[in-house]
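Report on the following structure.
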Amino acid sequence: MARLATGLWIGAYLARLGAEGIPAHLLHKGDDRAGAVAVKVATLNGRASLFTRSYDSLGERVWTALLSDAAEAEIDAAIRRQRGYDPDLWVVEVEDPKGRHLLDQLGLKE
């Protein structure tokens with residue numbers, strides 16, 4: 001199955017968040033076709049979580065929390081490290097006090 005180009009997925013994800021009234025913005029633009037994606041979810045209280053796409057045992061893409069409910073500075077440092085070895089990394093920041101990110105919804109897993 002062909003994968004959706006990363007740039008298109010990012011645009012759709014930001015539009016979906018906007019439709020739900022969840023503020024989000026692009027922190028770093030990566031490779032339009034195949035860049036990896038990291039999503040920072042800031043709960044606006046100095047805490048955040050960091051999600052990346054990976055593959056499960058069946059080869060399906062899933063979102064995995066690299067860090068959960070950590071200090072926002074720790075999340076930012078992890079993103080800087082990741083970008084240090086992957087300059088094509090896309091980084092989206094979601095700002096929601098409830099921690100909503102919609103990554104578990106059908107259509108956003110791809």
Side-chain angles (χ1 to χ4, degrees):
M1 171 192 259
R3 300 271 182 217
L4 185 64
T6 306
L8 292 174
W9 186 91
I10 293 287
Y13 181 53
L14 292 172
R16 178 74 172 103
L17 289 165
E20 293 294 323
I22 302 171
H25 57 278
L26 186 62
L27 292 179
H28 299 286
K29 183 181 184 294
D31 181 270
D32 281 326
R33 289 178 286 137
V37 178
V39 176
K40 172 185 172 183
V41 181
T43 52
L44 307 175
N45 62 355
R47 311 293 292 173
S49 297
L50 181 62
F51 297 87
T52 60
R53 291 190 296 188
S54 61
Y55 292 92
D56 66 11
S57 61
L58 299 175
E60 297 294 320
R61 282 196 172 193
V62 295
W63 286 94
T64 303
L66 288 183
L67 294 167
S68 295
D69 193 30
E72 195 164 354
E74 184 179 350
I75 300 293
D76 292 339
I79 291 169
R80 280 192 301 276
R81 284 191 303 273
Q82 191 129 358
R83 284 191 41 80
Y85 64 83
D86 184 1
D88 286 327
L89 179 69
W90 290 80
V91 181
V92 173
E93 181 168 350
V94 178
E95 297 175 338
D96 184 65
K98 297 177 185 175
R100 296 175 297 164
H101 49 70
L102 309 181
L103 295 172
D104 51 353
Q105 292 190 1
L106 187 63
L108 290 176
K109 294 181 181 182
E110 186 61 33

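Here, residue 1 is the first one in the sequence, and each next residue gets the next number. All values derive from a computational prediction rather than experimental measurement.
Contact check for Trp63 versus Val39: side-chain heavy atoms found under the 4.5 Å cut-off. By the 4.5 Å heavy-atom criterion applied to side chains, Asp96 and Glu20 are not counted as neighbours. Between Val94 and Tyr13 there is a side-chain heavy-atom pair separated by less than 4.5 Å. Contact annotation: the side chain of Asp31 never approaches that of Thr6 to less than 4.5 Å [non-hydrogen atoms, C-beta and beyond]. Residues Lys29 and Ile10 form no side-chain contact, since every pair of their non-hydrogen atoms from C-beta on lies 4.5 Å or further apart.
Leu103 and Leu8 fall within a single hydrophobic cluster, where Ile, Leu, Val, Met, Phe, Trp and Tyr side chains are chained together by heavy-atom contacts under 4.5 Å. A chain of hydrophobic side-chain contacts below 4.5 Å, direct or via other Ile, Leu, Val, Met, Phe, Trp or Tyr residues, connects Val41 to Trp90. There is a path of hydrophobic side-chain contacts, each under 4.5 Å, that joins Leu26 to Phe51.
In this structure, the side chain of Thr43 does not engage the main chain of Ala48 through any donor-acceptor pair within 3.5 Å.
Closest approach of Val92 and Ala24 over heavy atoms only: CG1-CB, 4.4 Å. Shown here for Ser49 and Ser68, the closest heavy-atom pair between the two residues is OG-CA, 3.4 Å. Scanning both residues, Ala71 and Arg47, for their nearest heavy atoms gives N-NH1, 3.4 Å. Here the closest heavy-atom approach between residue Ala38 and residue Leu50 is recorded as CB-CD1, 4.1 Å.
With values rounded to the nearest 0.5 angstrom, Asp69 atom CG is found 10.5 Å from Glu74 atom CD. Taking CD1 of Ile75 as the reference point, atom CZ of Arg80 lies at 11.5 Å (rounded to 0.5 Å). Remark: Leu17 CG to Leu102 CG distance equals 5.0 Å, nearest 0.5 Å. If you take CG on Asp32 and CH2 on Trp9, they are separated by 14.5 Å, rounding to the nearest 0.5 Å. Atom CG of Asp88 and atom CZ of Arg83 lie 9.0 Å apart (nearest 0.5 Å). The distance from the CZ atom of Arg16 to the CD1 atom of Ile22 is 8.0 Å, given to the nearest 0.5 Å.
In the displayed structure, Arg100 atom CZ is contacted under 6.0 Å by more than 12 heavy atoms of other residues, nucleotides or ligands.
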- Message: For Leu66 and Gln82: C-alpha separation, side-chain torsions, deciding distance, then whether side-chain contact (heavy atoms from CB on, under 4.5 Å) applies.
- Response: CA-CA 11 Å; Leu66 288 183; Gln82 191 129 358; 3.9 Å; yes
